[in-house]
Amino acid sequence: MFSIISSLIGSAAIGAIWLLKKQQQSGKKVRRSAMVAAGVVFLIAASVFIAGLIMPERSKISNEDRDLLFAAHGYVVGKQISGEYKNGSVVMLVPEPELEATRGKWLVEAVKSGLGHDAGVTVLPVTPALSYKYTVEDCPPFTDLVRAEDYNKMLEQYQKAECVIFVAQLPKDAGKMKLWRASPRPKVFVLNGNKKLDPILKNRLISGYTALNDKADLDSTRIPRNYEAAFKSRFVMVTSVD
């Protein structure tokens, strides 16, 4: 932001200096103080611009904080499940690349921490079938590739699961998931969701989802160090809609 503002001010200062020189060349009297003032403004703008390139913006948070916020979703959902938990199995469907990253490992531990124990938690790495058509360099995002059939195959052996947690968004063809027709149907939670999930939440096909809080101060770089407080600083748990 500072870089953009300083660029605009600098451009205006250069324009002023050019105009003053033009007036001077045409014989008009130009105050020396005006030239000096325009030059000073330009130097200040240039200094601010350079400082903006060297120094990171205050609104940026560290990678560790990002990992903490990501894992916090799992803690809150785990805690939500624990209130009605009957010692059944909890299945986490996690994009395979996430499990290889620090935040994915933290997420799994956070779910267990929210539950109060790790018994019955099964972590299933999901690799979309469509991903095999691409190389690592040109592979589209997970959410663009995953389909209902990918999840159907993963959940085939866990039809009696009490809870299912989708770490990524539901697939584009979510209506084809066998999960909805299971009897009894497990409690379903989706991490990092949005209002598009409200209709199926209202119909009780899912039990809840986490989402960005519209009122959150995203410019703040002060992220609390415990999961629950970190989550509340930016996100909300949605379990019902009007």
Side-chain angles (χ1 to χ4, degrees), residues 1-11 44-45 47-81 92-95 97-114 126 139-146 165-172 174 188-202 206-242:
M1 179 60 73
F2 284 118
S3 296
I4 295 173
I5 294 173
S6 61
S7 296
L8 293 174
I9 295 173
S11 298
I44 292 174
S47 299
V48 172
F49 179 80
I50 294 171
L53 294 178
I54 298 174
M55 299 175 63
E57 294 182 26
R58 293 184 63 187
S59 61
K60 291 184 178 180
I61 61 175
S62 68
N63 289 334
E64 184 177 349
D65 283 339
R66 293 181 191 280
D67 293 343
L68 177 68
L69 288 168
F70 181 77
H73 290 264
Y75 176 84
V76 171
V77 168
K79 195 170 182 180
Q80 180 72 28
I81 293 171
M92 294 179 64
L93 293 162
V94 188
E98 294 287 8
L99 287 176
E100 299 171 2
T102 298
R103 71 178 198 165
K105 296 172 183 176
W106 284 12
L107 175 70
V108 173
E109 294 306 313
V111 170
K112 296 175 181 178
S113 179
V126 181
C139 191
F142 177 90
T143 50
D144 290 345
L145 296 174
V146 70
I165 300 173
F166 287 85
V167 172
Q169 284 285 331
L170 296 179
K172 297 176 181 179
V188 175
F189 293 89
V190 182
L191 305 190
N192 288 299
N194 53 53
K195 291 184 180 296
K196 291 181 179 180
L197 296 173
D198 284 353
I200 60 174
L201 175 59
K202 191 171 185 177
I206 64 174
S207 296
Y209 65 87
T210 61
L212 182 67
N213 186 346
D214 294 336
K215 299 179 181 179
D217 179 11
L218 300 182
D219 289 329
S220 174
T221 58
R222 301 181 66 179
I223 307 300
R225 304 320 298 167
N226 70 80
Y227 286 137
E228 192 160 15
F231 181 86
K232 288 181 178 178
S233 72
R234 299 199 173 203
F235 306 102
V236 291
M237 178 76 200
V238 183
T239 56
S240 64
V241 290
D242 297 328

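Throughout, numbering of the chain's residues begins at 1 and tracks the sequence. Bear in mind that the values here come from a model prediction, so they are computed numbers and not experimental data. Note: hydrogens, waters and symmetry copies are ignored here, and every other heavy atom, side chains too, is used.
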### Query
So, does T210 use its side chain to make a donor-acceptor pair with the main chain of N192 at under 3.5 Å?
yes
Any side-chain heavy-atom pair of [X] and [Y] under 4.5 Å:
X	Y	answer
M237	K79	no
K195	V241	no
Y75	L68	no
V238	L197	no

## Note on the structure
Checking N213, V76, L191, L212 against F235 for side-chain contact (heavy atoms from CB on, under 4.5 Å), the one that qualifies is L212
### Task
Would you mind telling me which of L99, L93, L107 makes a side-chain contact (heavy atoms from CB on, under 4.5 Å) with V167?
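Checked L99, L93, L107 against V167; only one passes side-chain contact (heavy atoms from CB on, under 4.5 Å): L107.
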For residues [X] and [Y], report the shortest heavy-atom separation together with the two atoms involved.
X	Y	result
I81	I165	CD1-CD1, 3.9 Å
V146	P171	O-CB, 3.6 Å
Q80	F189	CG-CE2, 3.8 Å
L201	Y209	CD2-CE2, 3.9 Å
A168	V190	O-CG1, 3.9 Å
D144	K172	O-NZ, 3.9 Å

### Query
Taking atom NZ of K112 as the centre, does the number of heavy atoms from other residues, nucleotides or ligands within less than 6.0 Å exceed 12?
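Result for NZ/K112: enclosed.
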### Message
I'd like to know whether CZ of R225 has more than 12 heavy-atom contacts from other residues, nucleotides or ligands below 6.0 angstrom.
### Response
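More than 12 within 6.0 Å, yes.
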[atom1] of [X] to [atom2] of [Y]: how many Å apart, nearest 0.5 Å?
X	Y	atom1	atom2	value
L69	Y227	CG	OH	10.5 Å
S233	L218	OG	CG	9.0 Å
T221	I61	OG1	CD1	8.5 Å
D67	K105	CG	NZ	11.0 Å

### Task
Evaluate the criterion side chain to side chain contact (heavy atoms under 4.5 Å, CB included) for residue pair L170 and I200; output intermediate values, then yes/no.
CA-CA 11 Å; L170 296 179; I200 60 174; 3.7 Å; yes
### Query
Can D219 and K60 be counted as an ion pair, charged N to O under 4.0 angstrom?
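No.
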### Query
Run the side chain to side chain contact (heavy atoms under 4.5 Å, CB included) check on R234 and I223 step by step: do they pass?
CA-CA 9 Å; R234 299 199 173 203; I223 307 300; 3.7 Å; yes
